[in-house]
Structure formats: C-alpha cells, structure tokens
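Read the structure below first, then the notes.
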Amino acid sequence: MKKIMLLLYNTLTRKKEEFKPIYTGKVGMYVCGPTVYDHCHIGHARGYVSMDIFRKYLEYLGYEVRFIMNYTDVGHLVNDAETGEDKIEKKAKAEKIDPMEIVENYINSAKEDFQSLNIKPANFNPRPTQYIAQIIKFIEGLIEKEYAYESNGSVYFSVTKFPEYGKLSGRKTEELIDGARIENNPEKKNQLDFALWIKSDENHILKWQSPWSLGYPGWHIECSVMSADLLGQDTFDIHGGGNENVFPHNENEVAQSEAYLGKKMANYWTLWNMVNINGEKMSKSKGNHTSVKDILKEYDPMVIRLWILSSQYRSVMNYAPSVLVQAKNNLQKISDWVGNLKNVSDAPKAESLEKIDFSHIYQKRFESAMNDDINTPLALAVVYDLISETNKMISEDKLDKETAENILKFWERINKVFGLIIAENKIEIPANILTLAEERKQARISGNFAASDELRKKIESAGYVIEDLKDNNYLIKK
Ligand SMILES: [Zn+2]
C-alpha cells in the first residue's frame with residue numbers, strides 16, 4: 001500500500017477531504033445505477049466511466065475495492081413522481097412485452113456498452129425486484145422506529161422526524177416546503193414526506209403483497225436496502241452517483257439509511273456532473289438523447305472513454321459530434337507513441353545520452369494529479385508531456401532499448417487506471433524490408449543518394465515508411 005494522500009471532494013461536507021478507508025486496505029463503494037428502460041446515453045457513459053476510474057485508481061493505490069452498482073427495475077415512475085406510470089411498465093406496454101423482458105434487454109444493452117467502454121464489471125449488480133422481502137423488512141423497521149407511517153396502504157417517510165434532512169443536497173426543509181412542487185397528496189402528513197411503499201392502482205403490473213397493501217417500493221428505498229445488504233449494516237466508504245439525483249434520490253437514501261441503521265450511511269459522496277448536448281440539457285422531449293450505441297456506430301469506444309477522461313468528473317461536459325475528433329486524434333497519438341516505443345525497444349540503438357527518471361518525475365506528477373480529486377485531464381497532460389519528450393528522443397535517436405522498455409512499463413502501469421485499450425501498433429518488419437533498409441543505410445553512408453532513393457521507393461512500394469534519424473539511423477513504420 002502506497003502512502004499517499006488522496007483528496008476527494010465530498011458532497012456531504014462540500015470540501016475536499018483526505019480519503020481514509022474504514023478498514024485498512026479495503027474500500028466499499030456503492031454507485032446508483034441506471035433505470036433499465038432504455039439504452040444508455042452519453043451521460044451514463046460519463047458517469048460510469050468516471051466511477052470506473054475511481055475504482056481503478058483505488059486499486060492502483062493497492063486497495064481491494066468492493067464495487068456495487070444496482071440496476072433499477074421497478075419503482076422509478078415517470079417524471080420521478082410518486083403516482084402514475086412506472087418507466088419500465090410504460091416501455092413494456094409500448095413494446096408489447098413483459099416488463100421483466102424490458103429489464104433483461106436493457107441490462108444486457110448496458111452491460112454491452114460498459115464492456116465496450118472497458119468498464120470493469122461490478123462485484124454485484126443488485127435489482128430491487130430481487131429485494132422485495134428485505135425492502136419490506138426495512139420499511140417495517142422504519143415504521144417501528146417511528147420514522148415512517150402507513151397511510152391508506154402506502155408508507156411514507158416522515159422528514160420532520162429526521163432533523164438532518166437536507167444535509168447532503170444542502171437544502172433546508174423550510175425552503176423545500178416553500179419551493180416544492182406540492183403534489184397535495186392528502187395521504188401525507190407533510191408534503192415533503194416521500195413514499196417508501198406505494199399502494200398499487202389496478203393498472204400497475206409489477207406489484208407485491210406487503211403488510212400494507214398490494215403495491216411496490218418507492219424509488220429511493222432500494223439503494224438503502226441493497227447497500228446495507230451488500231456492504232454491511234454499517235457506514236461504508238464511498239457512495240457515487242450523478243449529481244442530478246442528489247435531491248431527492250440521494251438525500252432520501254441518507255434519511256432512510258441513517259434513520260434505520262442509526263449510523264452515517266457513507267463517509268464520502270462522490271457525484272459526477274452531467275453531459276449537455278450542444279449546450280443544452282439532455283432530455284427525451286428535446287429529442288437530443290444521444291445513446292452510446294449511436295456514437296459507437298462512428299467511433300471507437302476508446303475515443304469516448306478518452307473524451308470522458310479529458311474532463312474532471314465534477315465539471316459539466318458538453319457533447320457535440322465534433323468534440324470526439326480531438327479525442328480521436330489524441331488516441332491515435334497515444335497509439336503511435338506506444339507503437340514507436342515498441343519498435344525502439346526491439347531495435348539495437350546507440351546508448352542513450354540522457355536517462356529520464358520516469359518513476360520519479362512522471363509517476364509523481366501522475367499521482368499528484370489523480371490524488372487531487374481524480375483530476376484525469378491533468379493526469380493525461382502528464383502522458384502527453386511524456387509523449388512529446390520521448391518522441392523528441394526517438395527522432396534524435398537518443399532513446400535506448402532499456403529506457404523505451406521502462407517507459408512502456410510505466411505506461412502499462414498507469415494505463416491500468418486510464419483503461420484505454422490501445423490497438424497493437426507494434427509492426428513486424430519482414431526480413432526483406434530490413435535488408436533493404438540496411439542496404440539503403442550503407443548507400444547513404446557512402447554518399448550514393450540515387451541508390452538510397454531507389455531503395456526508399458522499394459520500401460515504400462511494399463507499404464512501409466522509412467524515417468531518417470541522426471547518424472544514418474532510421475525508423476521503419478507501416
Ligand atoms: Zn440510488
């Protein structure tokens with residue numbers, strides 16, 4: 001385990017704090033997953049790639065990370081409301097198939113996208129429909145402790161019983177009452193109370209028997225129940241999610257968990273920011289909903305991943321088709337660099353004139369960027385600087401095999417964090433091309449430039465490019 005101070009911005013305290021795990025060497029992390037009624041959009045990609053980087057950097061630091069991400073398969077109603085249609089049921093009716101078939105299809109779709117984006121699968125993906133018994137038990141516990149009450153078959157959390165309500169999102173209860181979109185639900189004692197269990201109307205398909213009614217869970221309760229079940233009935237380390245859900249979803253999670261367990265839910269809340277489309281908020285009604293699958297028709301998934309890493313996870317990103325061009329060029333730059341390093345490392349080269357101390361200079365810079373709240377753009381800038389420096393050395397023929405191999409090893413180590421799959425650029429140069437190149441070198445040494453040009457043409461007609469370096473050395477590229 002490296003002794004390093006990792007600073008994370010904690011939404012709960014609204015400042016950067018040193019990360020201290022609850023158990024030495026281990027991290028428990030819960031991330032709110034998507035509601036599976038449609039394909040993942042670019043905002044999902046941004047969120048889950050960001051959380052993947054968190055996890056991979058923690059692993060780089062030597063932590064064993066237990067990573068849980070749910071798939072919401074019931075209880076998330078249209079407009080995030082507490083009455084009306086379930087998003088999954090709505091889609092199921094439109095497609096005339098069973099709701100669980102919708103769930104299955106879109107979980108598979110999400111997993112496909114996550115795999116393309118090289119997101120490491122979670123240790124477990126819980127779903128609320130598999131947790132109905134535990135959810136009921138949890139709600140019974142809240143009623144017993146008088147944090148919740150039953151009303152006409154539904155159960156509500158009483159926010160006034162939890163004085164810290166609002167601490168995560170920074171909203172004050174009084175302001176919420178003034179500003180809330182009051183639904184005027186007569187079943188609620190206070191209009192800010194939120195549903196833990198909802199009595200089903202006859203149109204609902206997904207419903208279960210409970211002590212209160214034939215109904216289904218509210219949207220927020222699942223994350224409290226499943227995180228407690230899978231990370232222990234205690235405080236866990238990191239809770240991730242999208243900051244557009246900090247209120248009411250995450251705020252309600254905190255209230256439910258802390259009321260039930262009598263303990264702080266999570267020590268660090270790390271929330272990613274959203275992706276706008278052409279400067280506008282993404283929404284289905286605007287028709288600017290951009291799916292990962294659509295982008296993948298045109299771009300390598302690693303271009304998307306690199307584009308995401310080019311912003312710090314807490315800043316708003318703006319997606320427009322043109323933004324990926326820069327990322328595509330940068331990916332090519334990295335790929336060419338890795339290919340060149342592999343070629344150098346295979347070619348017998350003159351002794352390097354200057355050895356770069358990679359472990360100290362570049363590793364330090366990489367780690368200090370990542371330790372500052374996972375600053376991936378700064379960490380990538382370190383890579384781009386290293387690329388410039390080594391490319392210069394290659395062109396001046398100052399890079400020896402050993403140094404090139406060390407740079408490659410360093411890249412492989414930090415790329416475990418970036419998670420970029422770089423196309424294998426190492427080119428096997430056929431023996432006849434190597435012979436032609438050697439003959440050309442001799443021609444150049446003896447000043448026979450006509451023969452040298454002739455040999456260059458032969459090499460090029462075979463599909464290779466020869467680049468001249470200092471002292472008549474050369475580099476062959478495809
Ligand atoms: Zn959640």
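For the numbers below, each heavy atom of this structure counts, side chains included, while hydrogens, waters and symmetry mates do not. Whatever order the structure lists ligands and atoms in, that order sets their numbers, starting from 1.
For the ring-ring contact (aromatic ring centres under 6.0 Å, His included) with Tyr63, the lone residue among Tyr57, Phe19, Phe54 that qualifies is Phe19.
Using a 30° and 60° split on the angle between ring planes, Tyr71 and Phe114 fall in the parallel class, below 30°. The aromatic rings of Phe410 and Phe366 lie perpendicular to each other, with more than 60° between the two planes, well past the 30° mark.
A cation-pi geometry, defined here as NZ or CZ lying under 6.0 Å from the six-membered ring centre and within 45° of its normal, does not hold between Lys120 and Phe67.
Interatomic distance, Ser227 OG to Gln233 CD, rounded to the nearest 0.5 Å: 9.0 Å.
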Donor-acceptor contacts under 3.5 Å from residues 96-106 side chains, at least two apart:
unit_1	atom_1	unit_2	atom_2	d
Asp98	OD2	Met100	N	2.8
Asn105	ND2	Glu101	O	3.4
Tyr106	OH	Glu95	OE2	3.3

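Within a radius of less than 2.8 Å around the Zn ion (ligand 1), the protein N, O or S atoms are Cys32 SG, Cys223 SG, His249 NE2, Glu253 OE2.
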